[in-house]
Amino acid sequence: MEEKRDSEMIKLSKNILHHAALAVLVVLALSACGKREWPIPVSSEDKFRWRSVEVQRNQDCIILNCELAGNWTNIDTVKVLVEPVGNDPDDGCASCPFTPRATLVFGPGSAGMRKDMNRIVITACGLNAAKTYRLQLIGFNAFTRIAPVASELVLSAPK
């Protein structure tokens with residue numbers, strides 16, 4: 001009789017363990033259900049702006065020393081729009097609407113772009129050292145849903 005009671009106790013213990021394991025699996029399976037999405041950027045928190053852009057010349061290079069405000073850690077790629085100003089057929093004029101003739105792209109890790117906290121230094125070389133240029137920077141956010149940010153136009157005359 002004791003053996004019968006012991007075997008019933010063992011069956012009952014196994015049955016309880018089986019139901020407990022099943023309940024744990026159901027809870028785990030249900031907790032994994034649901035809609036998952038990438039975080040959506042909040043424009044007011046994640047965007048940056050150009051605080052200042054200073055221009056220097058060094059032979060055939062233009063050095064843009066830029067300061068950012070806002071969430072400057074989110075800057076990803078910078079495009080430099082370049083318009084030569086002068087009397088050549090393909091040149092613009094200083095008082096005409098800005099019409100870029102070339103676009104230089106600087107991405108993360110580019111040789112011509114150096115970041116230091118909220119400052120970015122961009123070095124664009126291969127330009128005519130004797131020519132004046134109008135430039136504008138377009139900063140692209142790491143969050144592609146946030147619109148690019150344009151700087152003011154800057155003028156770079158030869159030394």
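Here the straight-line distance linking atom CG of L104 with atom NZ of K79 works out to 11.0 Å at 0.5 Å rounding. In this structure, CH2 in W72 is found 11.0 Å from CD in E67, a value given to the nearest 0.5 Å. One distance of note links OG1 of T99 with CZ of R134; it measures 7.0 Å at 0.5 Å rounding. Within the model, atoms NZ of K115 and CD1 of I122 stand 10.0 Å from one another, a figure rounded to the nearest 0.5 Å. A distance of 12.0 Å separates CD of E54 from CD1 of I63, quoted to the nearest 0.5 Å. To the nearest 0.5 Å, atoms SG (C61) and CD (Q56) are separated by 12.0 Å.
The two atoms that bring L68 and W50 nearest to each other are CD2-CE3, 3.3 Å, heavy atoms only. For P158 against A129, the heavy-atom pair with the smallest separation is CB-O, 3.2 Å. Closest approach of A150 to I138, counting heavy atoms only: CB-CD1, 3.5 Å.
Annotation: side chain of F98 is in contact with side chain of Q136 (closest heavy-atom distance under 4.5 Å). Within the 4.5 Å cutoff, side-chain heavy atoms of N65 are placed close to those of R119. The side-chain heavy atoms of N118 and R51, taken from C-beta on, include a pair separated by under 4.5 Å. Within the 4.5 Å cutoff, no side-chain heavy atoms of V121 are placed close to those of D116. Between L155 and V55, every side-chain heavy-atom pair lies at or beyond the 4.5 Å cut-off. Side-chain contact between M113 and V78 is present, with at least one heavy-atom pair separated by less than 4.5 Å. Side-chain contact between S156 and L135 is present, with at least one heavy-atom pair separated by less than 4.5 Å. N128 is not listed as a side-chain neighbour of D60, based on a closest heavy-atom distance of 4.5 Å or more.
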Under the side-chain contact (heavy atoms from CB on, under 4.5 Å) criterion, do V53 and E152 qualify, and how do the steps go?
CA-CA 8 Å; V53 177; E152 295 290 323; over 6 Å; no
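Using modelled atom types, one side-chain atom of K159 and one backbone atom of R57 make a donor-acceptor pair closer than 3.5 Å. Side chain of R101 to main chain of D90: a donor-acceptor pair is present (N/O by atom type, distance under 3.5 Å, no hydrogens or angles). A distance-only check finds no donor-acceptor pair linking the side chain of T132 to the backbone of A157 [under 3.5 Å]. With N71 contributing its side chain and F48 its backbone, the two residues share no donor-acceptor pair below 3.5 Å. A donor-acceptor pair is defined here as one N or O able to donate and one able to accept, closer than 3.5 Å; such a pair exists between the side chain of N141 and the backbone of D46.
Hydrophobic clustering of Ile, Leu, Val, Met, Phe, Trp and Tyr side chains at less than 4.5 Å, counting indirect connections, unites L64 with V149. Tracing side-chain contacts under 4.5 Å through hydrophobic residues (I, L, V, M, F, W, Y), one never reaches L137 starting from I146; they form parts of separate clusters.
Just one of L127, D91, V154, V85 meets the side chain to side chain contact (heavy atoms under 4.5 Å, CB included) condition when paired with Y133; it is L127.
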